[in-house]
Amino acid sequence: MDTALYVSLSSQIALERRLTTLSDNVANSNTVGFRATEVKFEELVDNRRPADVAFVSSGENYLSTRNGGMKQTGSALDFAVQGDAWFSIETPAGPALTRDGRFTMTEDGSLVTLNGYPVLDPGGGAIQLDAAGGEPEVSRDGALRQNGVQLSAIGLFTFDPANGYSRHDNSAILPNGEAEPVVDRFDVGVAQGFIEQSNVNAVSEMTQLIMVTRQFENVSALVRDAERIKQDAIRTLGGSNT
């Protein structure tokens, strides 16, 4: 296989990966608390050939750190994280992190997500409130009070995406490794009566999606043309030797 085809194929693989992430971002542009996936590509140089040849890597995914817009709901059980931190919830796949703070209280007083997953406190335990205690009040540090008495606290956690992660239920994240509780940070807090919208700019992502789609089609056309030229050359050379 010639060098040009190798380079084209590496470009196609990279573009296909970017198409996948862009499509996922667009699909979740209205998902509460969703953080967009970006891709970082690197140039790979093969210096084993007579002339150095540059390929593009298949790419490495990373999470966008942009905050989504804050939407006021007025609900006492809607919460938004302010700053670089996440809520922690217990899922069938294990503890997950999310910025979707649309919670509800069960008949027994458990604070859970819309999917019924328990919301965790700073120590990793499920939050338990008084079902008959009325709507809770939450201070910026996450402390949960009913009738002026603190019963629990909403845990805020951080993790290093560079260690790897996987998605769970769209906006949630399953980190590789332990998430660390946030302690005494003035730049991180909880806002009650708000939710964080997706940080995806749908117009920008759609524009990029169209551009990358065209680039993929152009590279595919170049590969087809190169293959056709090679086949024509083989037929021509083969005919001249008969």
Side-chain angles (χ1 to χ4, degrees), residues 25 27-36 63-159 165 167-175 179 181-183 185-202:
N25 289 343
N28 287 283
S29 60
N30 292 316
T31 300
V32 174
F34 183 81
R35 285 285 176 94
L63 281 177
S64 168
T65 58
R66 298 188 308 272
N67 289 331
M70 300 280 281
K71 179 180 178 181
Q72 186 171 11
T73 66
S75 171
L77 292 174
D78 281 344
F79 308 99
V81 178
Q82 295 178 310
D84 185 18
W86 302 70
F87 300 118
S88 184
I89 58 177
E90 187 64 46
T91 74
L97 303 177
T98 183
R99 291 179 68 96
D100 182 355
R102 296 174 297 171
F103 302 149
T104 186
M105 188 164 54
T106 64
E107 293 181 356
D108 66 356
S110 299
L111 190 66
V112 299
T113 68
L114 296 183
N115 289 329
Y117 302 145
V119 183
L120 306 182
D121 62 21
I127 294 175
Q128 187 69 36
L129 300 175
D130 181 359
E135 294 183 340
E137 294 181 355
V138 180
S139 55
R140 178 175 167 78
D141 62 0
L144 281 161
R145 294 179 174 83
Q146 286 178 296
N147 299 317
V149 179
Q150 181 174 346
L151 299 181
S152 187
I154 296 178
L156 294 178
F157 296 80
T158 61
F159 79 107
Y165 65 91
R167 291 197 180 272
H168 182 76
D169 283 356
N170 294 329
S171 63
I173 296 293
L174 293 169
V182 172
V183 179
R185 280 182 52 180
F186 69 89
D187 59 330
V188 172
V190 179
Q192 187 175 20
F194 292 83
I195 58 173
E196 180 184 5
Q197 298 175 307
S198 171
N199 74 346
V200 174
N201 183 323

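We number each residue from 1, following the sequence as shown. Computed over heavy atoms, backbone and side chain alike; hydrogens, waters and symmetry mates excluded.
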For the CZ atom of Arg140 and the CD atom of Gln192, what is their distance to the nearest 0.5 Å?
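Separation between the atoms: 14.0 Å.
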Using a 6.0 Å cut-off, check whether atom CG of Asp108 has over 12 heavy atoms from anything other than its own residue.
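Correct, the count exceeds 12.
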Atom CD of residue position Glu135 - does it have more than 12 heavy atoms of other residues, nucleotides or ligands inside 6.0 Å?
no
Would you sort out whether Arg167 and Leu63 count as a side chain to side chain contact (heavy atoms under 4.5 Å, CB included), showing the intermediate values?
CA-CA 11 Å; Arg167 291 197 180 272; Leu63 281 177; 3.4 Å; yes
Between Ala76 and Pro136, which heavy-atom pair has the shortest distance, and what is it?
CB-O, 4.1 Å
Grab the two heavy atoms, one from Arg66 and one from Ala36, that are nearest each other, plus how far apart they are.
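Residues Arg66 and Ala36, closest heavy atoms: NH2-CB, 4.3 Å.
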So His168 and Tyr117, would you call those rings parallel, tilted or perpendicular, with 30° and 60° as cut-offs?
tilted
Side chain to side chain contact (heavy atoms under 4.5 Å, CB included) assessment of Thr91 paired with Asp169:
CA-CA 10 Å; Thr91 74; Asp169 283 356; over 6 Å; no
Does Glu196 reach the main-chain N or O of Gly68 with its side chain, forming a donor-acceptor pair under 3.5 Å?
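At least one qualifying donor-acceptor pair exists.
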Donor-acceptor pair, Gln146 side chain versus Ala132 backbone, under 3.5 Å?
no
Test log, rule side chain to side chain contact (heavy atoms under 4.5 Å, CB included), inputs Thr113 and Phe87
CA-CA 11 Å; Thr113 68; Phe87 300 118; over 6 Å; no
Are Asn199 and Asn67 packed together at the side-chain level, in the sense that at least one heavy-atom pair is separated by less than 4.5 angstrom?
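Result no, sub-4.5 Å side-chain heavy-atom pair not found.
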Below 4.5 Å, heavy atoms only, C-beta onward: do Arg35 and Ile173 meet side chain to side chain?
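Result no, sub-4.5 Å side-chain heavy-atom pair not found.
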Is there a side chain to side chain contact (heavy atoms under 4.5 Å, CB included) between Thr65 and Asp84 once you walk through the steps?
CA-CA 8 Å; Thr65 58; Asp84 185 18; 5.8 Å; no
